[in-house]
Amino acid sequence: LVELAVPPLLVPFSRGMVTEFFDLNIAEQLCRYPGPIKIVRRGQDEMMSRFNSIATNRSNFILLKLLQCSFYMWIENIRYPLLTADEALLCTLRNWLKAESEAERKGVAVSLGVNPSQCAGLLRSYLTQHGPNYPWTIGEGMSLKQKKELLVFLAGQYLVTVDGSGHNVLLPREYFTIPNSSNL
């Protein structure tokens, strides 16, 4: 993304500075964090996406990594291994992520048959039976369709999009809340 923000002459210098000295690796840090997480994605962020396209927004990659990540670096675990192991599931998630508006994201969810209360109930039931520790084996015995529904529901729990918000626009106060602590 550095190519979009600096003159071509400074790209090698800037890339080196970011990768060597300021590599925050947000996805890795989130993977280590055991508490509730909410990712706020700006819909029109010219600095965090290529060509001002929501499909290339860095928040998408952070969410995908969060759902797939090694939760503790010293143990080879994945948060939701059965929901992110199949390319068809990841393709479904990418389609939901590239939707330009909340209405389009809801349309994708509706077309998949996502039932939020049913998905939330399934997660609560799993949490009660297995506890909060990751990786969750939720998805075992579920059809591909059910896994897609649950994956899109989880993505909606972790990610909120501020439509029409650019990089330098202040976020509204309502986005600065403690996420649902159900330990998803």
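Bear in mind that the values here come from a model prediction, so they are computed numbers and not experimental data. All heavy atoms count here, side chains included; hydrogens, waters and symmetry mates do not.
Hydrophobic clustering keeps Val110 apart from Phe153 (ILVMFWY residues linked when any side-chain heavy atoms are closer than 4.5 Å, directly or through intermediates).
Within the 4.5 Å cutoff, the side chain of Leu30 has heavy atoms near those of the Ile62 side chain.
Scanning both residues, Asp86 and Ala88, for their nearest heavy atoms gives OD1-N, 2.6 Å. Residues Lys147 and Gly139 approach most closely at CE-O, 3.1 Å, considering heavy atoms.
Judged as a side chain to side chain contact (heavy atoms under 4.5 Å, CB included), and not counting sequence neighbours, the contacts of Lys145 are Ser143, Glu149. In terms of the side chain to side chain contact (heavy atoms under 4.5 Å, CB included) criterion, residue partners of Gln118 (sequence neighbours excluded) are, by chain and number, Asn115.
When atom types are taken as modelled, the side chain of Lys38 and the backbone of Gln157 share a donor-acceptor pair closer than 3.5 angstrom. For the pair Thr128 (side chain) and Arg124 (backbone), a donor-acceptor distance under 3.5 Å is present. Of the possible polar contacts, one joining the Arg41 side chain to the Leu97 backbone as a donor-acceptor pair under 3.5 Å is found.
Atom CG of Leu112 and atom CD of Gln146 lie 12.5 Å apart (nearest 0.5 Å). In this structure, the separation between CG on Leu93 and CG on Leu159 is 9.0 Å, given to the nearest 0.5 Å. Expressed to the nearest 0.5 Å, how far CG of Leu144 lies from NZ of Lys148 amounts to 4.5 Å. Atom CD of Gln68 sits about 9.5 Å away from atom CG of Leu63, to the nearest 0.5 Å.
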Step by step, would you call Thr161 with Arg105 a side-chain contact (heavy atoms from CB on, under 4.5 Å)? CA-CA 10 Å; Thr161 302; Arg105 286 184 289 281; 3.4 Å; yes
Given the rule in the side-chain contact (heavy atoms from CB on, under 4.5 Å) test, do Leu150 and Leu123 qualify, once you have shown the distances and angles that lead to the verdict? CA-CA 9 Å; Leu150 190 56; Leu123 292 170; 4.1 Å; yes
Step by step, work out the side-chain contact (heavy atoms from CB on, under 4.5 Å) result for Leu122 and Met142. CA-CA 11 Å; Leu122 187 61; Met142 293 172 72; 3.9 Å; yes
Would you check, one step at a time, whether the test side-chain contact (heavy atoms from CB on, under 4.5 Å) holds for Leu66 with Ile39? CA-CA 10 Å; Leu66 177 65; Ile39 300 168; 4.3 Å; yes
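The 12-atom threshold is not exceeded at CZ of Phe13, counting heavy atoms of other residues, nucleotides or ligands nearer than 6.0 Å.
Applying the ring-ring contact (aromatic ring centres under 6.0 Å, His included) definition to pairs two or more places apart or across chains, those involving residues 84-129 are Tyr126-His130, Tyr126-Trp136.
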